[in-house]
Visitor: 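Can you keep this structure in mind? I'll have questions shortly.
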Amino acid sequence: MATYPFTPYKNWVIDPIPNVSLREAERQLKLAHYNPFNVPARKVVVDFMTDSGTGALSKKQLSRMVAGDESYAGSVSGERLYERLEDFTGRQTIILTHQGRGAEKIIAETFLQKDDVVLSNTLFDTTRANFEHRGAHCVDLPWHPASLWNTKINDIIRDPEDPFSGHLFKGDVALDQLAFELARYGDRVKLVVLTLTNNSGGGQPASLKNIVAAARIVKEHSRALLMIDACRIVENAYFIQRYELKGRVSIAGIVRKICAYADLISMSAKKDGLAHMGGCIATSSTAPWVGTMNALSILYEGLNIRGKGGYGGISGKDMEIIAQGLCEVVDLRYLRHRAGQVRYLHERLTEIGIPLISPLGGHAVYVDAAAFLPHIPAKEFPGHALVVELYRQGGVRSVEIGSLMFGKNAQRELVRLAIPRRVYEQSHFDYVVEALAKINERKERLRGFQITEGAGDPMPHFFCKLKPL
């Protein structure tokens with residue numbers, strides 16, 4: 001039996017959890033046209049759909065909200081957040097955005113035109129959508145065991161205390177393929193994006209060795225810019241510290257070290273910012289594109305002038321929350337508990353025979369839906385079939401990351417159980433395990449789904465209607 005990690009905080013505010021019967025769950029699924037994005041939150045028992053903006057705030061964050069300065073210009077809260085982000089990333093230029101996809105839009109409009117190319121370890125859905133909206137061609141290059149170059153540069157790192165240990169940095173970019181694609185596309189490659197951690201690939205981290213090697217390859221073999229998608233960079237840094245650097249560098253120091261290799265950093269503060277809203281772009285003050293991005297940020301987001309207290313589409317209250325959250329997120333006690341919760345759920349599900357992506361990452365557990373439901377072909381969305389059944393069985397909301405979300409670009413058929421920060425406890429994880437155990441007993445009866453409306457929409461998983469086959 002897995003050991004539950006010690007919780008380094010107490011509950012001061014509670015949010016009652018609803019009871020959702022099987023009959024009510026079936027009714028809600030029909031009303032939602034079998035799309036969990038359409039299910040009301042008040043009808044969800046445990047919500048593992050996303051960890052983005054769904055975490056709990058600390059007392060210090062709540063107290064800082066009271067000091068939120070909502071001035072349009074000259075905001076004290078804006079200045080505080082600029083200063084904190086400069087220290088966090090080690091970069092002199094910060095452009096605030098209302099969330100991560102606001103940063104992605106500004107970057108896409110600044111650098112990408114039709115037929116340009118973006119390479120990545122794996123792009124997440126909104127990043128890919130923003131880039132493809134500009135007409136760019138996006139290519140994912142996730143780590144794979146056959147990559148000899150990866151094995152040479154990245155020693156296989158094993159954790160003797162981790163039963164899922166193998167190659168612990170499966171969020172790496174495939175370095176041999178990166179070099180090949182840079183040579184293949186030449187000057188058409190405008191951006192190389194490292195998503196940390198690799199959310200769509202299983203939530204797994206990239207190693208510092210891989211990041212350094214990728215930066216060197218990009219610099220030596222192309223004119224492309226290296227961009228870090230830093231949504232979960234602190235969780236990535238935790239794995240680097242534990243397995244690669246053996247505690248020799250602080251978490252904050254590792255984050256700055258990673259950022260030092262990038263030309264651009266985009267971040268959603270709704271993850272490792274421990275906030276409900278906000279994001280940013282970080283870059284060098286001497287970068288020639290700063291003026292363009294500042295102009296676009298005012299057009300799309302809000303005032304962004306360092307020294308003038310800009311706000312970039314974020315309220316003063318939220319700026320205070322992010323500034324404090326960036327202090328709390330690098331605390332090792334918090335990170336050990338965060339990773340421990342993921343490990344607990346991963347181990348419990350492994351014990352009952354649920355096929356998972358291993359080794360585990362830092363923010364979610366990923367069920368291998370293709371292995372769990374081999375009788376459902378990809379065109380009938382096995383991941384979505386499991387998402388629907390998990391809600392029906394226990395009122396548990398999750399999300400498909402596979403053919404429904406990515407279409408022909410899907411690497412695997414996964415179901416992500418994303419764990420909100422500082423929200424759930426052991427009984428909630430055990431409840432989810434029990435629900436999946438019941439599904440496991442009758443999984444052969446599950447059937448796939450068909451899209452009835454919205455198949456041609458961008459990112460159809462948000463809007464489409466489906467029906468069971």
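Fair warning: this is a prediction, and the values are worked out from it, not measured in the lab. Residues: numbered from 1 along the sequence shown.
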Visitor: Can you tell me if NE2 on His375 sees more than 12 non-hydrogen neighbours from other groups inside 6.0 Å?
Guide: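 Above 12, so yes.
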Visitor: Rounded to the nearest 0.5 Å, what separates atom CZ in Phe88 from atom SG in Cys259?
Guide: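 The SG atom of Cys259 is 7.0 Å from CZ of Phe88, to the nearest 0.5 Å.
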Visitor: Salt bridge (Lys or Arg N to Asp or Glu O under 4.0 Å) with Asp51: which of Arg422, Arg338, Lys270?
Guide: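 Of the listed options, the one satisfying the test is Arg338.
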Visitor: Roughly how far, to the nearest 0.5 Å, is CD1 of Ile321 from OG of Ser77?
Guide: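 Answer for the OG-CD1 pair, Ser77 versus Ile321, is 10.5 Å.
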Visitor: Between Tyr34 and Leu466, what is the shortest heavy-atom contact and its length?
Guide: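 Distance-wise, the nearest heavy atoms are CD1-O, 3.4 Å.
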Visitor: Taking Leu96's backbone N and O only, do any of them form a donor-acceptor pair with Tyr82's side chain (distance below 3.5 Å, no angle check)?
Guide: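 Side chain of Tyr82 to backbone of Leu96, a donor-acceptor pair under 3.5 Å: no, none is there.
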Visitor: Counting only heavy atoms not in Lys443, do more than 12 fall under 6.0 Å of its NZ?
Guide: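 It does: Lys443 NZ has more than 12 such atoms within range.
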Visitor: By side chain to side chain contact (heavy atoms under 4.5 Å, CB included), which residues pair with Gln28, not counting sequence neighbours?
Guide: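 Result, side chain to side chain contact (heavy atoms under 4.5 Å, CB included) vs Gln28: Glu24, Leu31, Pro40, Lys43, Tyr391.
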Visitor: Measure the spacing between CG of Leu414 and CG of Leu386 and express it to the nearest 0.5 Å.
Guide: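 Reported to 0.5 Å precision, the distance equals 11.0 Å.
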Visitor: Under a 3.5 Å distance rule, please check whether Asp318 uses its side chain to pair with a backbone N or O of His276 as donor and acceptor.
Guide: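 No, Asp318 side chain to His276 backbone: no donor-acceptor pair under 3.5 Å.
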Visitor: Look up atom NZ in Lys438 and atom CG in Leu436, then write down how far apart they are to the nearest 0.5 Å.
Guide: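 Result: 11.0 Å between the selected atoms.
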Visitor: If you define the side chain from C-beta out and look only at heavy atoms, does anything of Lys467 sit under 4.5 Å from Gln450?
Guide: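 Side-chain contact under 4.5 Å: yes.
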Visitor: Using a 4.5 Å cut-off on heavy atoms from C-beta on, say whether the side chain of Lys257 contacts that of Ile240.
Guide: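 When only atoms from C-beta onward are counted, Lys257 and Ile240 do not touch, as no gap falls below 4.5 Å.
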Visitor: Let's go through Leu191 and Leu264 carefully: what are the C-alpha distance in whole Å and the side-chain angles of both, what is the deciding distance for side-chain contact (heavy atoms from CB on, under 4.5 Å) to 0.1 Å, and is it a yes or a no?
Guide: CA-CA 9 Å; Leu191 296 173; Leu264 289 166; 4.1 Å; yes
Visitor: Please answer whether the main-chain N or O of Gly402 pairs with a side-chain N or O of Glu400 as donor and acceptor at a distance below 3.5 Å.
Guide: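 Yes; judged by distance alone, with no hydrogens or angles, the pair exists.
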Visitor: Would you find a donor on one side and an acceptor on the other, under 3.5 Å apart, between the side chain of Arg134 and the backbone of Leu112?
Guide: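 Side chain of Arg134 to backbone of Leu112: a pair is present.
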Visitor: In this structure, which one of Asn199, Leu196, Val329 forms a side-chain contact (heavy atoms from CB on, under 4.5 Å) with Arg232?
Guide: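 Of Asn199, Leu196, Val329, side-chain contact (heavy atoms from CB on, under 4.5 Å) with Arg232 is met by Asn199 alone.
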Visitor: Using a strict 4.0 Å threshold on nitrogen-to-oxygen distance, state whether Lys317 and Glu70 make a salt bridge.
Guide: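 Looking at Glu70 together with Lys317, the answer is yes, because their closest N to O distance falls below 4.0 Å.
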Visitor: Looking only at heavy atoms, what is the nearest atom pair of Val192 and Leu178, with distance?
Guide: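 Smallest heavy-atom distance, with atoms named: CG1-CD1, 4.0 Å.
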Visitor: Under 6.0 Å from the CZ atom of Phe463, do we count more than 12 heavy atoms belonging to anything else shown?
Guide: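 No.
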Visitor: Between Asp229 (side chain) and Thr195 (backbone), is there a donor-acceptor pair under 3.5 Å?
Guide: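 Flag not set: sc Asp229 to bb Thr195 has no pair under 3.5 Å.
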Visitor: Hey, does the side chain of Asn210 reach the backbone of Asp172 with a donor-acceptor pair shorter than 3.5 angstrom?
Guide: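 No: the side chain of Asn210 does not pair with the backbone of Asp172.
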Visitor: Is there a side-chain contact between Phe381 and Ile451 (heavy atoms, below 4.5 Å)?
Guide: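 SC-SC contact between Phe381 and Ile451 confirmed.
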Visitor: Hey, does the side chain of Asn440 reach the backbone of Ile352 with a donor-acceptor pair shorter than 3.5 angstrom?
Guide: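 Yes: the side chain of Asn440 pairs with the backbone of Ile352.
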Visitor: Side chains of Glu328 and Tyr334: any donor to acceptor distance under 3.5 Å?
Guide: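 Checked: Tyr334/Glu328 side chains show no N/O donor-acceptor pair below 3.5 Å.
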Visitor: Classify the side-chain pair Thr127/Glu104 by whether it contains a donor and acceptor separated by less than 3.5 Å.
Guide: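 Per modelled atom types, Thr127 and Glu104 side chains form a pair under 3.5 Å.
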Visitor: Tyr344 and Asp430: side-chain donor and acceptor closer than 3.5 Å?
Guide: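 The criterion, which ignores hydrogens and geometry beyond distance, is satisfied for Asp430 and Tyr344.
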Visitor: Determine the sole option in Lys271, Arg336, Arg242, Arg421 for which the salt bridge (Lys or Arg N to Asp or Glu O under 4.0 Å) test with Glu235 is passed.
Guide: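 So the option named by the test is Arg421.
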Visitor: From Ser297 OG over to Tyr300 OH, what is the distance, rounded to the nearest 0.5 angstrom?
Guide: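 That separation rounds to 11.0 Å.
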Visitor: For Pro36, is there any backbone N or O sitting under 3.5 Å from a side-chain donor or acceptor partner on Arg397?
Guide: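 Answer holds: yes.
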Visitor: Heavy atoms only: give me the nearest Pro460-Gly454 pair and the separation to one decimal.
Guide: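 Looks like CB-O, 3.4 Å.
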Visitor: Is the closest side-chain heavy-atom distance between Gln61 and Leu274 below 4.5 Å?
Guide: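 SC-SC contact between Gln61 and Leu274 confirmed.
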Visitor: With the threshold set at 4.0 Å, does a side-chain nitrogen-carboxylate oxygen contact exist between Arg348 and Glu351?
Guide: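 Answer for the salt bridge query: yes.
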Visitor: Please find the pair of heavy atoms, one from Asn236 and one from Pro205, that lie closest to each other, and give the distance.
Guide: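 So the minimum-distance heavy-atom pair works out to OD1-CA, 3.2 Å.
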Visitor: Answer with yes or no whether the side chains of Gln324 and Ser58 bring together a donor and an acceptor at under 3.5 Å.
Guide: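 No, no side-chain donor-acceptor contact under 3.5 Å.
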Visitor: Report the C-alpha distance between Leu356 and Thr350 in whole Å, list the side-chain angles of each, state the deciding distance to 0.1 Å, and finish with yes or no for side-chain contact (heavy atoms from CB on, under 4.5 Å).
Guide: CA-CA 7 Å; Leu356 306 174; Thr350 299; 3.5 Å; yes
Visitor: Is a donor on one side and an acceptor on the other found under 3.5 Å between the side chain of Asp140 and the backbone of Pro142?
Guide: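 A pair under 3.5 Å: no.
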Visitor: Identify the heavy atoms of Ser398 and Leu417 that sit nearest to each other, and give their distance.
Guide: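 Looking at all heavy atoms of both residues, the shortest contact is CB-CD2, 3.6 Å.
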Visitor: Decide, yes or no, whether a salt bridge links Arg80 with Asp69 under the criterion of side-chain N to carboxylate O below 4.0 Å.
Guide: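 Salt bridge flag = no for Asp69 with Arg80.
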Visitor: Is the closest side-chain heavy-atom distance between Leu303 and Tyr72 below 4.5 Å?
Guide: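 Side chain of Leu303 against side chain of Tyr72, heavy atoms only: contact under 4.5 Å found.
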Visitor: Test Ile106 against Thr97 for side-chain contact (heavy atoms from CB on, under 4.5 Å), laying out the working first.
Guide: CA-CA 9 Å; Ile106 291 171; Thr97 60; 4.0 Å; yes
Visitor: How about Asn409 and Leu123: do any of their side-chain heavy atoms sit closer than 4.5 Å?
Guide: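 With C-beta onward as the side chain, the pair stays apart.
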Visitor: Decide yes or no on side-chain contact (heavy atoms from CB on, under 4.5 Å) for Phe169 and Lys209, but give the supporting numbers first.
Guide: CA-CA 10 Å; Phe169 293 100; Lys209 287 183 179 180; over 6 Å; no
Visitor: Is a side-chain donor or acceptor of Gln204 paired with a backbone partner of Asn198 at a separation under 3.5 angstrom?
Guide: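 Checking the backbone N and O of Asn198 against the side chain of Gln204, no donor-acceptor pair under 3.5 Å is found.
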Visitor: Taking the side chain as everything from C-beta on, heavy atoms only, tell me whether Leu345 gets closer than 4.5 Å to Phe48.
Guide: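 With C-beta onward as the side chain, the pair touches.
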Visitor: How close do Ile322 and Ala275 get, counting heavy atoms only, and between which atoms?
Guide: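 Shortest heavy-atom contact: CG1-CB, 3.5 Å.
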Visitor: Classify the angle between the aromatic ring planes of Tyr4 and Phe429 as parallel (below 30°), tilted (30 to 60°) or perpendicular (above 60°).
Guide: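 Correct class here is tilted.
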Visitor: Less than 4.0 angstrom from a charged side-chain N to a carboxylate O is my criterion; do Glu389 and Arg442 meet it?
Guide: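 Salt bridge present between Glu389 and Arg442.
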Visitor: Measure the shortest side-chain to side-chain distance between Ser358 and His346 over non-hydrogen atoms and say whether it is less than 4.5 angstrom.
Guide: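 Sidechains of His346 and Ser358: in contact.
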Visitor: Hey, what do you get for CD (Glu132) to CG (Asp125), rounding to the nearest 0.5 Å?
Guide: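 The CG atom of Asp125 is 11.0 Å from CD of Glu132, to the nearest 0.5 Å.
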